[in-house]
Amino acid sequence: MPQRGERLLRSRRSKLERLIERGVDPFPARFHRTHTTAEAVALFTAAEAADPSAAPTATVAGRISRMRGMGKATFVDIDDSGGRLQLFLRQDALGEGYALLDDLDLGDFVGASGALTRTKAGEVSLAVEALSVLAKALRPPPEKFHGLRDVEQRYRQRYLDLIANRDVHDVMRTRSRIISAVRRFFDERGFLEVDTPVLVPVPAGAMAEPFVTEHRALDRRLYLRIATELYLKRLIVGGMDKVYELGRVFRNEGIDANHNPEFTMLESYEAYADYEDVMRFLETMIPAVALEATGGTTVSFDGHELDLTAPWPRIRLHEAVHEHSGIDLDDYPDAAALADRMRQANVAATYAESRGRLIDKLVGVFVEPKLIQPTFLVDYPTEMSPLAKASAADPRYTERFEAFAGGMEIANAFSELNDPDVQRQRLEEQEALRKRYQGEELDRLDEDFLLALEHGMPPTGGLGLGIDRLVMLLTGSTTIRDVLLFPQVREPGPAAGKTTDA
RNA sequence: GGCCCGGUAGCUCAACCCGGCAGAGCGUCGGACUUUUAAUCCGAGCGUUGUGGGUUCGAAUCCCACCCGGGUCACCA
């Protein structure tokens with residue numbers, strides 16, 4: 001138990017005890033409300049329009065967010081998930097019931113019934129005839145005027161953030177609508193939503209460090225998936241022509257404004273489509289989702305107005321890098337030469353980095369921050385795209401694109417490589433690069449996946465879409481933590497001063 | 001991991017430069033008040049100043065180390 005602030009808790013405890021002594025159950029099992037606070041306000045405004053003296057009755061429930069005592073009259077604001085309603089309590093209306101107020105605190109849940117009216121100040125209020133406690137809060141809510149500012153506590157105790165900062169509700173509601181809209185978009189186009197394993201024997205399908213775990217009965221090491229890609233492609237092999245999965249993937253990497261170790265990704269695969277089809281699909285879907293979730297197809301993000309409507313410009317990666325950095329990738333076919341050239345341009349680059357990673361860095365430094373309006377960066381170099389089909393015209397590049405908006409990467413897609421021999425060769429290259437460039441994350445060879453490919457996979461267009469980043473974009477959040485209810489935070493250490501010591 | 005910023009009452013923050021009794025608002029407790037809107041008014045209580053060490057007659061304040069958080073760079077989506 002925390003030593004400090006014990007006095008404040010004691011006050012609430014003694015009120016709790018007093019309620020029990022008075023025969024009041026501080027935690028009753030049920031309470032039937034007839035209206036939410038928003039419904040009650042709507043009920044009154046409608047009635048008032050028809051008859052100015054109307055006083056419809058309602059029973060409402062919520063958490064006390066503010067109390068203004070005036071002696072024999074008290075105003076209590078209660079909040080529920082949709083809104084807020086002012087309760088007006090008078091001793092002569094409540095009689096003995098008015099004394100219940102002595103044992104109520106901010107944060108308690110109450111139920112009240114009475115007639116809806118408009119006060120002198122013009123606020124729709126419930127003139128309470130009966131008041132009851134629904135749940136006593138033994139700890140105080142965050143400060144009512146400044147709200148909860150402590151960023152750490154906002155994430156660790158998100159419920160306090162939700163109590164104090166109503167806009168958090170709005171972001172999460174929008175997140176939910178975005179996910180529903182995305183699902184509907186796929187469902188309406190004949191895609192089947194599937195679930196593939198989270199615990200996998202080979203953490204493949206992306207370039208990322210996995211989380212490791214262990215299955216006891218099988219005595220086997222397993223990993224948390226870093227992507228759903230290879231399982232979904234197995235389904236394409238199996239004849240499920242349009243599939244998608246919306247789920248959590250896990251990457252054992254740093255945490256910052258754009259990264260959380262577990263995040264929600266959508267991957268979809270469509271047989272007989274290519275990356276051009278996927279681009280058209282995505283640039284159609286995003287504005288449709290935005291319209292459904294936010295009511296518009298433009299968003300303001302980090303001081304910019306973004307227009308999400310199709311078509312989005314397509315820029316070849318090679319040209320974008322050339323334009324923004326002055327470096328022509330084709331002049332530097334090997335990693336060492338490219339690293340030298342990058343250092344000339346004041347970009348940190350070493351011989352310990354693969355060519356793919358160096359190019360990725362060039363994109364990150366010179367191109368990505370410039371891509372504010374939705375843009376497709378297309379035709380990625382082969383060595384950084386082991387699962388994408390090479391371009392027939394120029395095998396140094398693949399039929400791959402990434403979509404950017406607000407200076408963030410939000411999607412990654414390609415014409416899927418379906419030649420099993422080429423795929424094996426590409427993944428073997430990844431394994432070789434991994435040995436050569438220690439500490440660099442590269443894709444892994446998954447024999448079982450290659451076996452599936454040998455059974456034949458039709459030409460396929462695949463897409464990976466970062467849902468959290470899409471939510472950031474559509475809610476104007478510049479940190480991923482604000483679109484996750486419970487972002488990863490460090491384990492509170494002993495110095496945090498908030499933990500118990502034996 | 002590097003660099004920058006921060007940690008003071010339950011909460012939001014002052015005081016720190018330039019060392020000298022640790023303060024305000026909210027919340028809490030007591031009192032007044034039957035139409036308030038961060039209600040108001042009167043009174044009271046509230047502190048291991050993140051932790052440990054050092055300098056000093058004296059440290060929230062200066063110095064060192066560490067812990068925690070945020071930002072940023074590196075890495076990643």
Side-chain angles (χ1 to χ4, degrees), chain A residues 2-12 14-15 65-77 84 86-94 98 102 105-107 117-123 125 127 139-156 160 164 206-209 226-227 249-267 347-350 353 357 360-361 364-365 368 402-404 408-412 439-441 464-470 472 478-481 489-499:
Chain A
Q3 298 293 317
R4 297 182 240 186
E6 203 176 294
R7 184 176 29 80
L8 290 149
L9 304 184
R10 218 183 292 133
S11 152
R12 285 174 181 257
S14 64
K15 288 177 180 180
S65 60
R66 291 186 276 195
M67 276 203 281
R68 294 176 291 281
M70 312 276 306
K72 297 192 177 66
T74 300
F75 292 90
V76 173
D77 293 345
R84 171 172 294 172
Q86 175 172 271
L87 306 182
F88 179 37
L89 303 109
R90 290 186 305 154
Q91 185 165 51
D92 53 14
L94 281 158
Y98 192 78
D102 294 340
D105 290 297
L106 298 187
T117 63
R118 195 178 281 280
T119 60
K120 254 185 217 167
E123 181 159 348
S125 305
R139 289 175 185 273
E143 203 256 8
K144 71 184 179 192
F145 182 58
H146 296 93
L148 186 62
R149 293 278 181 75
D150 182 330
V151 176
E152 182 189 356
Q153 199 176 13
R154 285 188 51 210
Y155 300 140
R156 281 190 200 284
L160 295 180
M207 301 181 183
E209 170 89 19
I226 58 171
V249 297
F250 307 84
R251 298 189 183 177
N252 205 341
E253 287 150 4
I255 297 173
D256 64 29
N258 289 317
H259 298 86
N260 194 64
E262 52 181 297
F263 62 101
T264 302
M265 186 150 77
L266 176 136
E267 287 196 41
V347 179
T350 69
E353 294 174 289
R357 166 181 289 232
D360 196 46
K361 197 175 268 187
V365 171
E368 192 167 346
E402 290 190 328
F404 295 84
M408 287 186 297
E409 180 192 339
I410 59 167
N412 179 24
E440 196 165 314
E441 276 313 317
L465 172 66
I467 294 294
D468 309 287
R469 293 206 179 153
L470 178 62
M472 288 169 67
T478 52
T479 161
I480 196 169
R481 294 189 182 95
V489 286
R490 270 178 215 257
E491 186 73 17
K498 284 172 181 170
T499 47

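Proteins get letters first, then strands, A, B, ... in listed order; numbering begins at 1 in each.
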>> My understanding is that only residues two or more places apart in sequence, or in another chain, count here; which of them pass side-chain contact (heavy atoms from CB on, under 4.5 Å) with A:A164?
In response: A:P142, A:L148
Would you tabulate the pairs of protein nitrogen or oxygen atoms and nucleotide nitrogen or oxygen atoms of nucleotides 39-42 of chain B closer than 3.5 angstrom?
from	atom 1	to	atom 2	distance (Å)
B:A39	OP1	A:K144	NZ	2.4
B:A39	OP2	A:R68	NH1	3.2
B:A39	N7	A:G69	O	3.3
B:A39	N6	A:G69	O	2.7

> In dot-bracket form, how is RNA chain B paired, counting a Watson-Crick or G-U wobble pair only if both its distances are under 3.5 Å and using | for bases paired to another strand?
Replying inline: (((((((..((((......[..)))).(((((.......))))).....(((((..]....))))))))))))....
> B:U28 phosphate, OP1 or OP2: any side-chain N/O from A:R139 under 4.0 angstrom?
Replying inline: no
>> I'd like the C1' distance from B:C68 over to B:C29, given in whole Å.
In response: 33 Å
>> As a test of reading the structure: which of B:G27, B:C75, B:U36 is closest to the side chain of A:E353, going by heavy atoms?
In response: B:C75
> With sequence neighbours left out, what residues match A:T478 under side-chain contact (heavy atoms from CB on, under 4.5 Å)?
Replying inline: A:F301, A:D302
>> Could you tell me how far B:U51 sits from B:U12 if I compare only their C1' atoms? Round to whole Å.
In response: 24 Å
>> According to side-chain contact (heavy atoms from CB on, under 4.5 Å), who are the partners of A:E368, at least two apart in sequence or on a separate chain?
In response: A:F404, A:E409
>> OP1 or OP2 of B:U37 versus the side-chain N and O atoms of A:K120: is any pair under 4.0 Å?
In response: no
> Has the side chain of A:E123 got a donor or acceptor atom sitting under 3.5 Å from an opposite partner on the base of B:U36?
Replying inline: no
> When the P atoms of B:A15 and B:C33 are considered, how many whole Å apart are they?
Replying inline: 40 Å
>> Please determine whether a side-chain nitrogen or oxygen atom of A:S11 lies at a distance below 4.0 Å from atom OP1 or OP2 of B:C29.
In response: yes
> Taking atom P in both B:G1 and B:A65, what distance in whole Å separates the two?
Replying inline: 15 Å
> Listed by chain and number, what are the side chain to side chain donor-acceptor pair (under 3.5 Å) partners of A:Q91, not counting sequence neighbours?
Replying inline: none
